[in-house]
There are 2 protein chains.
Amino acid sequence: MSKSTAVSPQAVHVAARNLFASQGYRGTSMKDIAQVLAVSAPSLYNHVPSKQDLLHSIMNVAMDRALGALSAALEGVTDVADQLRRATEVTVLDFLENPAEVTVCNTEIRSLEDPFRQAIIDKRDAYGRRILDIVERGCAAGTFDVAEPRVASFAILEMGNNAKAWFDPRGQYTAGEVAALYGSFALRIVGHREGVSP
Amino acid sequence: MSKSTAVSPQAVHVAARNLFASQGYRGTSMKDIAQVLAVSAPSLYNHVPSKQDLLHSIMNVAMDRALGALSAALEGVTDVADQLRRATEVTVLDFLENPAEVTVCNTEIRSLEDPFRQAIIDKRDAYGRRILDIVERGCAAGTFDVAEPRVASFAILEMGNNAKAWFDPRGQYTAGEVAALYGSFALRIVGHREGVSP
DNA sequence: CCTACCGATCGGTAGG
DNA sequence: CCTACCGATCGGTAGG
């Protein structure tokens with residue numbers, strides 16, 4: 001379990017992320033993190049200012065990565081159905097490829113104190129807003145047909161959230177194939193003609 | 001915030017459920033629970049055996065309620081599309097009407113110790129299995145058209161999970177109307193002809 | 001239902 | 001990077 005050699009802010013970040021995901025923020029002590037890195041707990045404070053800062057850093061890196069991946073996936077894509085498919089795929093891919101960060105973001109917002117807390121909520125809301133924008137534009141263009149774009153966008157964003165819990169990277173499907181399935185579900189939810197997967 | 005008079009196992013259960021949902025199991029002390037009930041922390045042990053037992057009780061009650069509601073909703077319903085719509089509606093209704101229990105079930109399985117833990121996981125899996133059964137029967141009957149029934153059933157089960165976070169009981173829609181929207185999404189995901197809501 | 005109290009553990013600091 | 005240590009808090013018990 002331990003992976004000594006070369007303690008760094010990065011290494012502390014990774015150890016904390018994994019422990020926070022499996023045991024929770026309050027269920028993880030600085031000593032637990034230190035043990036993974038084979039050092040004493042006080043030594044961690046040479047690399048990170050506090051446990052709370054560590055939590056914020058983990059969530060902030062995760063949100064920036066997700067927002068960046070969403071932007072990259074939509075670059076140059078003009079068809080609104082393609083946009084929704086790609087946005088859904090990149091969202092699910094992020095869930096599958098970064099299960100620990102996503103778990104921390106999902107379960108530990110309440111453990112974040114308030115200078116940090118609102119900043120993370122704002123980024124999460126910005127992500128949701130971008131999905132909603134796509135759904136609304138598709139409805140306005142007559143490409144989508146769904147009674148409540150806002151509810152539909154929440155459903156799309158949420159439906160893949162727990163895929164990391166059952167997904168097996170060495171199983172029947174690749175992460176990309178699972179993401180493609182969810183992309184087709186998204187198009188079906190918004191009532192786009194032809195939501196069947198490749 | 002406090003609600004004194006008549007401390008009972010029930011009252012402790014309710015106070016603990018609300019605090020576990022908002023602050024987490026490890027972030028809630030027995031003293032916190034006692035304060036809501038306006039008694040001292042040791043007094044709680046006259047009503048409940050331990051904090052861990054309290055957590056298990058909250059999750060077990062929630063799972064039994066959800067499983068019972070699912071059975072009741074499906075009673076006498078023979079059409080497989082109606083079954084999926086009703087199962088999805090009752091699932092989302094449960095999420096909206098019991099937000100605190102659902103939050104605890106979603107975030108605190110890791111805080112449950114192992115005699116209790118597996119029993120809760122088994123009940124959760126049984127719930128998911130019943131949704132999957134409906135999707136598989138619909139596919140076998142040719143009523144549904146979806147490439148991966150298993151993935152579809154996970155998506156259906158998950159898509160309403162966070163609805164409690166944005167749903168406002170005094171807002172534009174009733175819980176029943178929101179549930180109906182998700183019911184139509186479920187039918188669309190499985191490729192049933194006509195998934196548009198009433 | 002209370003006060004008094006137990007051993008254990010926590011995040012973080014001092015000082016080197 | 002370490003040991004030694006701080007004040008605070010934890011779940012739970014004793015005893016009434």
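So you know, we letter chains A, B, ... as the sequences are listed, proteins then strands, and number each from 1. Please read all numbers here as calculations on a predicted model, not as lab measurements.
- In the set D/dG12, D/dG11, C/dG11, the nucleotide with an atom closest to the side chain of B/S50 is D/dG12.
- We find that CG of A/D53 is positioned 14 Å from C1' of C/dG12, with the value rounded to whole Å.
- Taking atom CD of residue A/Q35 and atom P of nucleotide C/dT9, one finds them 11 Å apart after rounding to whole Å.
- A/E108 contributes atom CD, which lies 10.0 Å from atom CZ of A/R26 (distance to the nearest 0.5 angstrom).
- One interatomic measurement links the two molecules: CD1 of B/I33 to P of D/dG12, which rounds to 10 Å at whole-angstrom precision.
- Looking at the side chain of B/S43, the nearest of the listed nucleotides C/dC1, C/dT13, D/dT13 is C/dC1.
- We find that CG of A/L44 is positioned 13 Å from P of C/dC10, with the value rounded to whole Å.
- If you check D/dG11, C/dC1, C/dT13 against the side chain of B/M30, the one that comes closest is D/dG11.
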Starting from the C-alpha separation in whole Å, work towards a yes-or-no answer on side-chain contact (heavy atoms from CB on, under 4.5 Å) for A/L55 and A/F116. CA-CA 9 Å; A/L55 177 62; A/F116 296 148; over 6 Å; no
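- If you take NZ of B/K31 and C1' of C/dA4, they are 14 Å apart, rounded to a whole angstrom.
- Atom pair A/L19:CG and C/dC10:P shows a separation of 12 Å (rounding to whole Å applied).
- In summary, the side chains of A/S29 and A/D32 do present a donor paired with an acceptor at a separation below 3.5 Å, with no hydrogens or angles considered.
- No donor-acceptor contact under 3.5 angstrom links the side chains of B/Q118 and B/D114, judged on distance only.
- In this entry the distance linking OH of A/Y45 with C1' of D/dC2 reads 16 Å, nearest Å.
- Atom pair A/L54:CG and C/dG11:P shows a separation of 11 Å (rounding to whole Å applied).
- Remark: C/dG11 base-pairs with D/dC6; criterion is Watson-Crick or G-U wobble with both hydrogen-bond distances under 3.5 Å.
- Nearest-nucleotide positions on DNA chain C place B/H47 closer to the 5' end than the other of A/Q52 and B/H47.
- Sequence order on DNA chain C of the closest nucleotides to A/R26 and A/N46 puts A/R26 first from the 5' end.
- For A/S40, no side-chain nitrogen or oxygen approaches OP1 or OP2 of D/dC1 to under 4.0 Å.
- Checked by atom type and distance alone, the side chain of A/Q52 pairs as donor or acceptor with a backbone atom of A/E113 at under 3.5 Å.
- When distances run from any side-chain atom of B/V39 to the nucleotides C/dG12, D/dC10, C/dC2, the shortest one goes to C/dC2.
- Between C/dC2, D/dC1, D/dC2, one nucleotide has an atom nearer to the side chain of A/P42 than all others, and that is D/dC2.
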